[in-house]
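Below, chain A is the first sequence line, B the second, and so on; all start at residue 1.
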Amino acid sequence: GAGVSQSPSNKVTEKGKDVELRCDPISGHTALYWYRQRLGQGLEFLIYFQGNSAPDKSGLPSDRFSAERTGESVSTLTIQRTQQEDSAVYLCASSLDSLPANYGYTFGSGTRLTVV
Amino acid sequence: AQKVTQAQTEISVVEKEDVTLDCVYETRDTTYYLFWYKQPPSGELVFLIRRNSFDEQNEISGRYSWNFQKSTSSFNFTITASQVVDSAVYFCALTFNNDMRFGAGTRLTVKP
C-alpha cells in the first residue's frame with residue numbers, strides 16, 4: 001500500500017483480556033518496527049523484524065508481549081492478559097532495510113489501546 | 001549510553017514568531033544519524049530530516065532549519081515565521097544499532 005496501515009485505530013479492552021494489533025507495512029519494506037508511546041511520552045522501542053525474523057526482541061516489556069511477521073509483510077503484536085499499564089499508542093513503522101540511517105522510517109497512525 | 005534529551009516539554013508561541021526546539025544527544029558511536037520527526041494531532045509521525053555525524057553543515061528547508069553542533073552534541077530545530085499548522089509534537093531521534101532512540105518530544109502550540 002501507499003503507507004503503513006495499522007488496525008484497529010482504537011481498542012478498548014478489559015483488564016486481563018488478550019489483544020492483537022495489526023500492522024501492514026509498505027509493500028517491499030523488509031524492516032518493520034513496533035514502538036509504544038505512553039501518553040505525553042516519547043517512543044519506546046519494542047521489537048523489530050528483518051524479513052520474518054526478529055533479531056532484536058530486547059524491548060518487549062514482559063513475556064505477555066509477543067509479535068510475529070509473516071510473508072515479509074503483515075505483523076501482529078499480541079498482548080496477553082492486558083494490564084492498565086499497557087494503555088498506550090502502539091506505533092508501527094517500516095523501512096526499506098534494517099538500517100534506519102539509510103531510509104528513515106515510515107510510521108503508521110498507531111493503535112490507541114485503552115485497558116479498563 | 002545512547003540517549004536523546006528534549007528538555008522543552010511544551011512551547012507555546014504566537015503565529016509568525018520564530019521558535020527553536022532543542023535536542024541534545026549522547027552516544028559512544030563515532031558514526032551515527034540524527035532525525036527529526038513531526039507528529040501532528042492525527043498521530044502519524046512525519047519524517048523531516050536526517051543528518052549523519054560527519055556532516056555538520058546546517059540545513060535550511062523553507063521555514064525549517066537545523067543546527068548540528070557536534071561539539072555540544074546538539075541538533076536543534078528552528079521554525080521561522082511559525083504557522084498554526086506547525087502545531088504538533090516534534091521528536092528528535094538518534095540511530096542506535098538497528099533502531100532509533102527517540103527523545104520525549106516537544107509539544108509546540110502555535111496560536112493565531
For residues 75-94 of chain B, dump all side-chain donor-acceptor pairs below 3.5 Å to protein atoms at least two apart in sequence or in another chain.
from: Asn76(B); atom 1: OD1; to: Cys23(B); atom 2: N; distance (Å): 2.9
from: Thr78(B); atom 1: OG1; to: Thr20(B); atom 2: OG1; distance (Å): 2.8
from: Ser82(B); atom 1: OG; to: Glu17(B); atom 2: O; distance (Å): 2.8
from: Asp86(B); atom 1: OD1; to: Arg63(B); atom 2: NH2; distance (Å): 2.9
from: Asp86(B); atom 1: OD2; to: Arg63(B); atom 2: NH1; distance (Å): 2.8
from: Asp86(B); atom 1: OD2; to: Arg63(B); atom 2: NH2; distance (Å): 3.2
from: Asp86(B); atom 1: OD2; to: Gln83(B); atom 2: N; distance (Å): 2.8
from: Ser87(B); atom 1: OG; to: Val84(B); atom 2: O; distance (Å): 3.0
from: Ser87(B); atom 1: OG; to: Val110(B); atom 2: N; distance (Å): 2.9
from: Tyr90(B); atom 1: OH; to: Asp86(B); atom 2: O; distance (Å): 2.6

- Message: Tell me which pairs pass salt bridge (Lys or Arg N to Asp or Glu O under 4.0 Å) where either residue lies in residues 13-22 of chain A, with sequence neighbours left out.
- Response: Arg22(A)-Asp24(A)
Result block: side-chain N/O donor-acceptor pairs under 3.5 angstrom for residues 39-47 of chain B, not counting sequence neighbours:
from: Gln39(B); atom 1: OE1; to: Gln37(A); atom 2: NE2; distance (Å): 3.1
from: Gln39(B); atom 1: NE2; to: Gln37(A); atom 2: OE1; distance (Å): 3.0
from: Gln39(B); atom 1: NE2; to: Gly43(B); atom 2: O; distance (Å): 3.0
from: Glu44(B); atom 1: OE1; to: Ser109(A); atom 2: OG; distance (Å): 3.0

- Task: Answer yes if the ring centres of Phe35(B) and Tyr105(A) are under 6.0 angstrom apart, and no otherwise.
- Result: no
- Message: Is there a path of hydrophobic side-chain contacts, each under 4.5 Å between heavy atoms, that joins Val24(B) and Leu43(A)?
- Response: no
- Kindly indicate whether the side chain of Phe107(A), heavy atoms from C-beta on, has any atom under 4.5 Å from the side chain of Tyr37(B). yes
- Message: Within residues 70-79 of chain A, which residues come under 4.5 Å of chain B, heavy atom to heavy atom?
- Response: none
